Structure formats: structure tokens, C-alpha cells
Amino acid sequence: MSNTRITEILSGKHAVGSRITVGGWIRTRRDSKAGLSFLAVHDGSCFEPLQVIAPADLPNYNTDIAKITTGCAVQATGVLVASEGKGQAVELRAESVTLVGLVEDPETYPMQPKRHTMEYLREVGHLRVRTNIIGAATRVRHCLAMAVHRFFHERGFFWIHTPIITGSDAEGAGQMFKVSTLDFANIPKTPDGKVDYSKDFFGRESHLTVSGQLNVETYCMAMSNVYTFGPTFRAENSNTRRHLAEFWMIEPEMAFADLAADAQLAEDFLKYIFNAVLTERADDVAFFEKFVDKTVTSRLQNLVSSKFARMDYTDAIKTLEDAVRSGKQFEFPVKWGIDLQAEHERFLTEEVIKGPVAVMNYPKDIKAFYMRNNDDGKTVAAMDVLAPGIGEIIGGSQREERLELLDARIDAMGLKKEDYWWYRDLRRYGTVPHAGFGLGFERAILYATGIENIRDVIPFHRSAGQASF
RNA sequence: UCCGAAGUAGCUCAGUGGUAGAGCAGGCGGCUGUUAACCGCCUGGUCGUAGGUUCGAACCCUACCUUCGGAGCCA
């Protein structure tokens, strides 16, 4: 009962005349009075189905094959032959077809052989991967994940498994989910009426991580080049097509590196992973190009082949101000000190640069406490990589490695030094300049597929009010 | 959370005050080396929920629920 995967068959790894067994799920069955049925069989290994010819003289033709509907699981053994029809080069002429799993009531089977709305598919999250679009997105997601690991591995980066549960309540990147085993109906209180977390599982308040960066920096200060790639959680009640409560994030960190090296790493990284999609998942990209977003191939090819521009934040503001003077209208006003809005980012990357650009050295007041102070006293060594068609795709920075300057930033932002005691220790014991960036994995998948809603590129989405399946 | 839009058959939708429709899916039959085939017939709905206006409400009003889009926040 060893099945051959359909991708191997369709890519020509098996000669016509080979005897082969395949297993998979029926997309459609079409009957012919020529004495056979056509079964379109998918096994998930590639975009295209394998056409299986089931002759009407098979012993179970009337009892099983004639009952096959969309979604049934089958296993078929036969001989690979050149197809007599158009639309496929080869097909499997079955000697036996086993109906492994019947769709017990075709009338109530939610997946019909037609286009469903993405909203409907979210309601059937356990079955939606049987569609072309979710199947393709799943293969692209895998391809990107493998490319991420390959990219870093080839460059000597170590994958660090930073914790999912964190006792640090001050990572400074958004609302956090509490992790607790306390009985909600009977919460222990301290004498002054607050929740007594000393009675909780970890003996202290704990949360799901919002970023692995601070943890991975500790490993950077011994392993030199490291990265995290894992789930991340934000308890923000944000309901948009670009946000999830649970998402995967990639955060590399390099020792002995400055902002320029960081930007170069980001450029090399993006080119590498999107090139992998173009070369390894051409079948799925072709589908997205045809049915989801006509620009997806050219967008990926342009990104892979272009040289990323570099632009100082201060110059970006000047450019935007010049554009306004020339009549360009923005919803949000432009002046030095603002954070760039999506409309500003898109103008820069799509109309000024006409390609990817790393905007660098932002005002310190709009950036995180750990970013390195520049000598001008006004800016920090932060960068955002902007890409046409999506805007910001990567955010990164050189970290402040000097303790006194880090402390000044912690104070200025109203944070408490004791909350960062181990992070500060890194600056006390063998500190070195280092830099890194963060990339939301699902946003990379959106970019690679042209799919609009982030809920459709993760197998089981979690967002405010939604945790089914 | 704020602003806007939408909820009608299993799915996708039409129906703007007078007793509920189509396509697809499903069932039956026909036709065909077919390509999410095609032709005919049949099955299938408390019109999101609860109130209200009206002789009469899918349609008008109110509240709520859900979903989608935008904003904020961000990755």
C-alpha cells in the first residue's frame, strides 16, 4: 500500500508503461458512455490532479465507482499511459480502484467543485484545504518556511527556539495574552486586593510572547548569528485583513553588525525566499496569477532581480514634502518626526523609487527603546524595507549596545530598568554592536500569493472573536 | 475600539410594500475520451435574531448578532 505521489508522476519521474498506485481525494468524476469514468484525483503534492481512467468493466464499477462524488478518498492502481484526451500528458488507466472513504452524504458535503468565497471557506476551516487556492497557499507557505531555514542555515545562522511563554511582561510590542492556571472563579488576592500571582503556575505573572527578539539577542551574544522563527501572539482587538492574534515571525540577529549590514541581510533574505517560490512552486504561482492577482509573478520577479534602494528617513520626508508642493495629496500631513503612513510608504516605493527601498534612521521618538542612538541625537539606527504593492514588509534596527544610552532610552520612555535586568546584562558583559530585523511570516505569504486576507494564508487563523477549529 | 457595507435554498446571487426566483450543488434520466462537460425533469428557503410601522414586510424603522472593507495599532 505504498502510494506514488502525483507530483512525481506529473513531473515525468515515471515512464509511460509503469505500474503505479496513487491515493488521494476526488475533485470531480465525469462519466463517459465509452465505458469509463474520469476521476480527477488530488493528493496535495502539486497543483494539478492526476486523471484516473476507471473502465466500466471493473468489478466494483457499479457498486463503488458510480457512487464516487467530490471529496471521496480513493486508491487506484494501474498503468501510466499517454492520455488520449487534451489537458494532460499522462493518465492512469486503472486496474483497480478502491473506494477508501465515501462522502456519506454528498448533499451536505460543504466543498463543491466550484469557486467558493474566502469568507465561506473560513467557516469550513477543516475542509477548505481541499480547494485549489488553500492547497496552493499551503504549498507556498511550506516552500517559504523551508527557504527561510535554508537561507539562514547556509549563512551560518543558528535557529534559536525562543520561549512561547514569557515571564517578562515588558517586551513592549503590544497587548499580551495572560497565561495562568488560576481558578477564575476563585482568584487568590494579596492583602492589598491585587491578584496574587505567586499562587499561579509560574509563581509570577506570565504571558504568551509578543516577540522573540529580546531572548534571541542573548544567544546572539555567544553564537554570533542567530534567528527565531516561531509563533507570536498579540491580544490587540484589531480586525483587519493584515493582522492575526497568532502569527509566525522571523527575527534574525547578527553580532558585530551595523544597520547597513542589517539592510543588506534583509535584501538578500527577501530575494532568496521569493526566488524559491518562483522556482519551486511555479504551478501554484501560475494559479495565483490567473485567478487571484495578475501581477504576482512580475512583482516577485522584480523584487528578486532589483537592487534595493537605500534612503534616509530625513530624505524620504523631503521627497514627500516636495511631492506635496508639486500637488500630490496625502490624507495624513507630512513633516519630519511623523511615522510614515501606508500611503507615504507606497508613494515612495511605487512612484519615487519604483522598486524596493530600505528607509533608514528614523526619529527616535517613534521607535522602540532598544534601537541604537545615532550621533545626531535625533534619530536611531532603524530601518523599514518597503516593497511595491505591499508597503512595509520588514522592520529592523541596530540595537543599542551601550548600557548608559540604553538606560537613558528606557528612562525616557517611562519603562522600568529592573524589568530589563537580563537584557541590560548583555550590555554589561561583553557587549558588541549587533543588529536584526523582524518579518511577519504570513505577510510574506500574502506578498507571494496575492491573497488579500491574512486569515487565508495560515492553516487555522486566530483573531479577536475567532478561534474555531 | 471607531466608521461604512452586507446577511434570501447546501453554495453564489437576483428580488425596493401585494403570498419566494435563477445558476451551481444533490437525485433521476439522456448524451459524450471527458476536462469545475452538456441537455431535460425533480428535490430544496421561519428571507440573521427580536421587536415595531402597515390591511399587508425579504423590502420601511429600532436594537442586537455575525461577517466583510476601511481607520487606529502593528508584523
Side-chain angles (χ1 to χ4, degrees), chain A residues 26-40 42 48-56 66-67 69-71 81-88 91 93 103 105-124 127 130-133 172-175 209-213 228 231-251 291 331-332 339-343 345 366-368 384-385 390-396 437-447 452-456 458 463-466 468:
Chain A
I26 297 293
R27 203 54 73 75
T28 61
R29 183 193 99 220
R30 296 179 295 275
D31 299 329
S32 169
K33 277 295 182 288
L36 43 89
S37 288
F38 301 94
L39 307 176
H42 271 267
E48 293 296 331
L50 177 69
Q51 176 156 283
V52 173
I53 309 299
K67 291 199 173 70
T69 55
T70 301
V81 298
S83 179
E84 293 176 28
K86 293 186 167 65
Q88 58 282 316
E91 60 196 21
R93 181 160 284 273
V103 169
D105 181 5
E107 205 165 343
T108 61
Y109 182 59
M111 309 310 299
Q112 297 174 10
K114 65 170 207 169
R115 201 165 181 169
H116 287 111
T117 60
M118 301 309 283
E119 293 79 24
Y120 173 71
L121 291 177
R122 281 173 219 141
E123 294 172 14
V124 286
L127 299 171
R130 303 179 184 203
T131 61
N132 281 334
I133 189 168
Q175 289 292 110
T209 184
V210 294
S211 165
Q213 182 198 313
T228 72
T232 309
F233 307 86
R234 303 277 167 90
E236 301 285 357
N237 186 16
S238 61
N239 202 341
T240 81
R241 61 193 175 93
R242 298 166 59 79
H243 291 84
L244 290 166
E246 176 181 292
F247 63 101
W248 285 58
M249 192 150 63
I250 299 150
E251 295 170 294
F291 290 105
E331 187 184 342
F332 293 90
D339 204 359
L340 296 180
Q341 296 290 325
E343 57 172 348
E345 294 178 341
I366 58 171
K367 289 293 182 183
D384 285 349
V385 177
I390 190 167
E392 181 187 335
I393 187 164
I394 277 182
F437 63 76
L439 168 74
F441 185 50
E442 284 76 18
R443 291 194 177 169
I445 306 172
L446 292 179
Y447 192 75
E452 291 188 337
N453 195 307
I454 200 166
R455 295 172 186 126
D456 301 321
I458 189 167
S463 46
Q466 295 175 330
S468 303

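Here the structure is a predicted model, which is why all the values come from computation and not from measurement. Every chain is numbered from 1 and lettered A, B, ... according to where its sequence line falls, protein lines coming before strand lines. Computation of the quantities below employed the complete heavy-atom set of this structure, encompassing side-chain atoms and omitting hydrogens, waters and symmetry-equivalent molecules.
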Determine the contact category for [X]: base if any of its heavy atoms lies under 4.0 Å from a base atom, sugar-phosphate if only primed atoms, P, OP1 or OP2 are that close, otherwise nothing.
X	value
A:Tyr120	sugar-phosphate
A:Gln88	base
A:Ser83	base
A:Leu244	base
A:Thr240	base
A:Glu123	nothing
A:Glu331	nothing

When the [atom1] atoms of [N] and [M] are considered, how many whole Å apart are they?
N	M	atom1	value
B:A36	B:C41	P	25 Å
B:U32	B:U66	C1'	45 Å
B:C59	B:U49	P	11 Å
B:U8	B:G29	P	33 Å
B:C73	B:C47	P	43 Å
B:G48	B:U67	C1'	11 Å
B:A25	B:U62	C1'	38 Å
B:G7	B:G15	C1'	15 Å

Donor-acceptor under 3.5 Å ([X] side chain, [Y] main chain):
X	Y	result
A:Glu343	A:Phe332	yes
A:Gln88	A:Lys86	yes
A:Glu251	A:Gly438	no
A:Thr70	A:Arg27	yes

[atom1] of [X] versus [atom2] of [N]: gap in Å, rounded?
X	N	atom1	atom2	result
A:Glu91	B:U35	CD	C1'	11 Å
A:Glu84	B:U32	CD	P	16 Å
A:Asn453	B:U67	CG	C1'	11 Å
A:Asn239	B:G4	CG	C1'	14 Å
A:Met111	B:G26	CE	C1'	16 Å
A:Lys67	B:G26	NZ	P	16 Å
A:Gln51	B:U34	CD	C1'	7 Å
A:Leu36	B:U32	CG	C1'	10 Å

Could you go through nucleotides 45-49 of chain B and list every protein N or O atom that sits under 3.5 Å from one of its N or O atoms, giving the distance for each pair?
none

Checklist entry - What residue pairs, at least two apart or across chains, pass salt bridge (Lys or Arg N to Asp or Glu O under 4.0 Å) with a residue in residues 110-121 of chain A? => result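 Not a single pair qualifies under salt bridge (Lys or Arg N to Asp or Glu O under 4.0 Å).
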Under 3.5 Å for both donor-acceptor distances, Watson-Crick or wobble: does [N] have a partner, and if so which one?
N	result
B:C38	B:G30
B:G51	B:C61
B:A6	B:U66
B:C73	none

Item to check | Candidate pair A:Arg30 and A:Gln51, rule side chain to side chain contact (heavy atoms under 4.5 Å, CB included), full reasoning | outcome: CA-CA 10 Å; A:Arg30 296 179 295 275; A:Gln51 176 156 283; 3.3 Å; yes
[X] side chain N/O closer than 4.0 Å to the phosphate oxygens (OP1, OP2) of [N]?
X	N	result
A:Ser32	B:G33	yes
A:Arg242	B:G70	no
A:Gln341	B:A71	no

From the options [options], select the nucleotide whose nearest atom is closest to the side chain of [X].
X	options	result
A:Glu119	B:U67, B:C74, B:G72	B:U67
A:Arg234	B:C74, B:U34, B:U12	B:C74
A:Arg241	B:G33, B:C73, B:G70	B:G70
A:Thr117	B:C74, B:C68, B:U12	B:U12
A:Glu236	B:C73, B:G33, B:G72	B:C73

To the nearest 0.5 Å, how far apart are [atom1] in [X] and [atom2] in [Y]?
X	Y	atom1	atom2	result
A:Thr209	A:Arg234	OG1	CZ	8.5 Å
A:Met249	A:Phe233	CE	CZ	11.0 Å
A:Asn453	A:Met118	CG	CE	8.0 Å
A:Asp384	A:Glu345	CG	CD	6.0 Å

Would you tabulate the pairs of protein nitrogen or oxygen atoms and nucleotide nitrogen or oxygen atoms of nucleotides 36-38 of chain B closer than 3.5 angstrom?
unit_1: B:A36; atom_1: N1; unit_2: A:Lys114; atom_2: N; d: 3.4
unit_1: B:A36; atom_1: N1; unit_2: A:Lys114; atom_2: O; d: 3.1
unit_1: B:A36; atom_1: N1; unit_2: A:Arg115; atom_2: N; d: 3.3
unit_1: B:A36; atom_1: N3; unit_2: A:Pro113; atom_2: O; d: 2.5
unit_1: B:A36; atom_1: N3; unit_2: A:Lys114; atom_2: N; d: 2.9
unit_1: B:A37; atom_1: OP2; unit_2: A:Arg30; atom_2: NH1; d: 3.1

Next on the checklist: Between A:Met249 and A:Ala34, which residue's closest nucleotide on RNA chain B lies nearer the 5′ terminus?
Outcome noted: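 Its nearest nucleotide being more 5', the pick is A:Ala34.
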Checklist entry - Which is it for A:Ile390 and A:Arg242 under the side chain to side chain contact (heavy atoms under 4.5 Å, CB included) test, yes or no, and what are the steps along the way? => result CA-CA 11 Å; A:Ile390 190 167; A:Arg242 298 166 59 79; 4.0 Å; yes
Item to check | Electrostatic pair A:Lys33:A:Asp31 at N-O distance under 4.0 angstrom | outcome: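 Looking at A:Lys33 and A:Asp31, the cut-off is not met.
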Next on the checklist: Let's test your reading of the model: under 3.5 Å, does the base of B:G33 pair with the side chain of A:Arg93 as donor and acceptor?
Outcome noted: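 For A:Arg93, whose side chain was compared with the base of B:G33, there is a donor-acceptor pair (under 3.5 Å).
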Item to check | Step-by-step side chain to side chain contact (heavy atoms under 4.5 Å, CB included) determination, A:His243 to A:Ile454 | outcome: CA-CA 7 Å; A:His243 291 84; A:Ile454 200 166; 5.7 Å; no
